[in-house]
Amino acid sequence: MAGTQSPDNQPNKSNLDEIRQTRIQKVGQIKDLGLNPYCYKWEITDHAQQLQEKYLDLAPGEEILDEVSIAGRIMARRVFGKLAFFELQDETGRIQLYLEKKKINNTMSDPEGSNLIGAFNHLKKLSDAGDILGVKGNIKRTEKGELSVYVSEFAILTKSLLPLPDKWHGLSDTEKRYRQRYVDLIVNPQVRNAFRIRAKVTAGIRRYLETRDFLEIETPVLQSEAGGAEARPFITKHNTLDMELYLRIATELHLKRLIVGGFEKVFELGRIFRNEGISTRHNPEFTSIEVYQAYVDYHDMMALTENIVSSVTQEVLGNTKVSYQGTEIDLTPPWRRVTMHEAVAEASGIDFAKFTDFASAKSAAEDAGIAVPEDCQTIGKLLNEAFEQKVESSLIQPTFITDYPVEISPLAKPHRDKPGLVERFELFIVGRETANSFSELTDPLDQRARLEAQADKKAAGDVEAHDVDEDFLTALEYGMPPTGGLGIGIDRLVMLLTDSPSIRDVIAFPLLKSQNNQDKSGLETDPGNSESKEGK
RNA sequence: GGGUCGUUAACUCAGUUGGUAGAGUAUCCGGCUUUUAACCGGCUUGUCCUGGGUUCGAGUCCCAGACGACCCA
């Protein structure tokens with residue numbers, strides 16, 4: 001307390017402070033009544049949505065004596081002299097509370113020493129929108145047709161100190177929605193629904209795989225060498241071991257070790273970290289599932305991808321057709337399959353398979369309006385550039401692009417028929433890469449040569465390349481059975497199924513810049529504008 | 001990294017040619033037994049994102065920066 005300042009003379013006293021102070025006073029008044037403004041429990045018998053469904057046919061004015069006990073947050077208050085209507089929101093939805101002075105005061109005794117008269121007045125004076133309330137009562141549909149709990153008993157279970165956003169406009173400021181997701185969740189029910197769907201998707205995928213005898217095995221997040229994708233890793237440090245560690249950029253290399261060890265069907269659904277830019281499609285931490293199955297190839301993985309995605313979609317949405325940003329996406333199998341060469345030829349008129357030297361391929365590409373970057377020095381990379389620039393964004397309906405150049409696929413097995421290509425596919429939906437899969441490379445000497453080429457790139461300064469994982473090569477030398485591998489981007493799949501335009505809409509707490517990093521000029525600035533290649 | 005737009009009360013937003021900072025909601029006080037964005041009457045609420053500059057005077061104009069959204073690389 002500032003001794004020199006009188007209580008009346010408080011500069012900068014904002015309206016928010018006043019509201020908060022008023023509510024803190026109410027906390028005191030509740031305690032003075034011998035009640036606890038932060039209760040321990042409330043026995044719940046029902047939820048709002050279930051009651052709305054159960055009593056759908058109850059006519060206006062009708063009352064049913066079924067006793068219910070529910071709890072939730074007060075979202076709206078309409079208070080009359082001796083009557084009040086509250087809207088109570090629980091996880092499932094909302095239901096109106098019909099609060100009548102006569103009924104409440106008859107069933108709830110007036111606490112001793114009260115300076116308020118009657119329980120109804122306690123409710124009227126001490127509750128606010130935002131408080132967590134527990135109520136008991138029976139069911140009644142009001143004359144105006146609103147299903148209500150006709151309350152006989154209540155308790156303020158948790159007193160809220162801060163006001164809710166505008167009851168009509170809600171919270172629309174995107175930054176506040178992400179920074180204070182709890183407020184977003186309180187006032188925007190569709191946001192809660194997106195995370196409900198997300199949970200059903202991950203549970204559904206796990207169930208699908210577990211019933212087919214796949215094992216989920218957890219592999220390290222902290223690794224001494226990042227690998228399994230071309231991406232810039234986060235670097236951290238173990239203090240006692242005095243060892244630099246990386247957060248994983250993929251789960252690939254460890255899951256393959258498990259296949260070497262004798263497991264035939266494994267997967268891991270978990271968090272991946274990539275130290276890259278942030279956009280509507282990228283968050284530095286995101287969720288992937290990688291699946292590995294011995295004795296199958298990438299054709300089998302295509303079927304598996306179709307089956308997982310379509311069956312989970314059916315399970316979660318009751319349909320395999322989804323509407324995404326105004327476009328209907330049909331996820332009913334089978335999906336279109338087209339080789340990368342065919343797709344590029346279709347879009348640009350150039351058949352890259354017929355070129356034998358880079359120079360003529362490059363001039364043909366440039367004639368077709370394809371920008372060729374400096375580090376693009378092979379026909380295979382040129383093909384990939386052409387694909388990214390001319391094809392990718394047009395792949396709206398689910399499409400498997402197959403048979404990638406070996407240069408951009410260091411972990412995939414050479415194509416059994418097509419020299420220079422590998423047995424790989426990526427799945428595109430609404431122009432976004434959603435899954436990636438190979439017939440896994442099992443030849444340890446070929447794998448060594450490709451990883452050493454990556455290590456050379458790292459030595460030359462490529463921050464997305466990594467050193468050779470010798471232990472992984474040792475595992476391959478013991479012998480890995482023929483294996484199909486698959487990675488699916490869970491966030492992008494959930495975006496599709498929730499009709500979300502941004503990845504931040506499906507990540508509960510997306511990464512945002514700190515608001516008070518005023519001056520950190522000594523720190524390295526990260527361009528963070530690169531997108532990772534390969535990797536499931 | 002580049003571009004466009006934005007940042008004003010707790011929330012949603014106005015703010016004219018540079019001339020006293022506004023509305024609705026919420027809160028608070030009073031009234032009310034059928035409301036559902038309840039209604040009626042009254043009161044209160046500001047780091048106009050930050051820092052400079054121009055000017056007699058800046059929410060408004062100029063410069064730099066922070067944060068966010070979208071697009072591009």
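Each chain gets a letter, A, B and so on, in the order the sequences are listed, and its residues count up from 1.
For A/T202, the side-chain contact (heavy atoms from CB on, under 4.5 Å) partners are A/R206, A/L269, A/I490, not counting sequence neighbours. With sequence neighbours excluded, the residues that form a ring-ring contact (aromatic ring centres under 6.0 Å, His included) with A/F428 are A/F387. Take A/D131 and apply the salt bridge (Lys or Arg N to Asp or Glu O under 4.0 Å) test, not counting sequence neighbours, and it matches A/K159. Checked against ring-ring contact (aromatic ring centres under 6.0 Å, His included), A/F286 has no partners two or more places apart in sequence or in another chain. Looking at residues two or more places apart in sequence or on another chain, you find a salt bridge (Lys or Arg N to Asp or Glu O under 4.0 Å) between A/E285 and A/R271. For A/K102, the salt bridge (Lys or Arg N to Asp or Glu O under 4.0 Å) test picks out no residue, with sequence neighbours left out. Remark: A/E143 pairs with no residue by the salt bridge (Lys or Arg N to Asp or Glu O under 4.0 Å) rule, at least two apart or across chains.
The base of B/rG24 sits within donor-acceptor range of the side chain of A/D166, with an N or O pair under 3.5 Å.
Nucleotide B/rC11 holds its C1' atom 12 Å from the CE atom of A/M75, rounded to whole Å. We find that CD1 of A/I24 is positioned 15 Å from C1' of B/rA10, with the value rounded to whole Å. Straight-line distance from the CG atom of A/D173 to the C1' atom of B/rU8: 13 Å, rounded to whole Å. Rounded to whole Å, atom P of B/rC28 lies 15 Å from atom CG of A/D17. Atom CD1 of A/I278 and atom C1' of B/rA69 are 13 Å apart (whole Å). Rounded to an integer number of Å, the gap from CG of A/N15 to C1' of B/rC43 is 12 Å. The OH atom of A/Y98 sits 6 Å away from the C1' atom of B/rU34 (whole-angstrom rounding). Taking atom CD on A/E18 and atom P on B/rU27, their separation rounds to 13 Å, with Å as the unit.
Relative to the side chain of A/F80, the nucleotides B/rC67, B/rU33, B/rA10 differ in distance, and B/rU33 lies closest. Taking the side chain of A/T280 as heavy atoms from C-beta on, and the options B/rG30, B/rC71, B/rU34, the nearest nucleotide is B/rC71. Distances from the side chain of A/K513 to the nucleotides B/rU34, B/rG68, B/rC11 place B/rG68 closest.
Between the side chains of A/Q25 and A/Q21, no donor N or O sits under 3.5 Å from an acceptor N or O. Side-chain contact annotation: A/S127 with A/R77, donor-acceptor N/O pair under 3.5 Å present. Side-chain contact of A/T287 with A/R198: a donor-acceptor pair under 3.5 Å is present, judged by distance alone. Using a 3.5 Å distance cut-off with no hydrogens or angles, the side chains of A/R73 and A/Q89 do not pair a donor with an acceptor. A side-chain donor from one of A/D66 and A/Y55 sits under 3.5 Å from a side-chain acceptor of the other.
Listed by first then second residue, pairs satisfying side chain to side chain donor-acceptor pair (under 3.5 Å) with a partner in residues 363-383 of chain A read A/T378-A/E407, not counting sequence neighbours.
Using atom P as the reference point in both B/rC11 and B/rU50, the two lie 15 Å apart (nearest Å). Annotation: B/rG46 and B/rU54 have their C1' atoms spaced 26 Å apart (nearest Å). Rounded to a whole angstrom, the distance from the P atom of B/rU27 to that of B/rA38 is 10 Å.
Considering only side-chain N and O atoms, A/K101 lies nowhere under 4.0 angstrom from the phosphate OP1 or OP2 of B/rC32. The phosphate of B/rC70 has OP1 or OP2 within less than 4.0 Å of a side-chain N or O from A/R504. For B/rC49, neither phosphate oxygen OP1 nor OP2 lies less than 4.0 angstrom from any side-chain nitrogen or oxygen of A/K176. Distances shorter than 4.0 Å separate some side-chain N or O of A/R179 from OP1 or OP2 on B/rG68. Distances shown here put a side-chain N or O of A/K167 below 4.0 Å from the OP1 or OP2 atom of B/rA26.
Nearer the 5' end of RNA chain B, as judged by each residue's closest nucleotide, is the contact made by A/F85, out of A/F85 and A/A76. Nucleotides of RNA chain B nearest to A/S172 and A/L83 differ in position, and the one nearer the 5' end is that of A/S172.
Against RNA chain B, the stretch residues 127-138 of chain A makes heavy-atom approaches under 4.0 Å through A/D128. Scanning residues 181-190 of chain A for heavy-atom distances under 4.0 Å to RNA chain B yields an empty list. Applying a 4.0 Å cut-off to non-hydrogen atoms, none of the residues of residues 374-381 of chain A approaches RNA chain B.
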(request) Start with the C-alpha distance between A/D499 and A/Q325, add both sets of side-chain angles, then the distance that settles side-chain hydrogen bond (donor to acceptor under 3.5 Å, both in side chains), and finish with yes or no. (result) CA-CA 6 Å; A/D499 197 15; A/Q325 304 295 295; 2.9 Å; yes
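Here the straight-line distance linking atom NZ of A/K457 with atom CG of A/D467 works out to 13.5 Å at 0.5 Å rounding.
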(request) For RNA chain B, just give me the dot-bracket, please: Watson-Crick or G-U, both distances below 3.5 Å, ( ) intra-strand, [ ] crossing earlier pairs, | paired with another strand, . unpaired. (result) (((((((..((((.....[..))))..((((.......))))......(((((..]....)))))))))))).
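For the pair A/R424 and A/Y404, the cation-pi criterion (under 6.0 Å, within 45° of the ring axis) is fulfilled.
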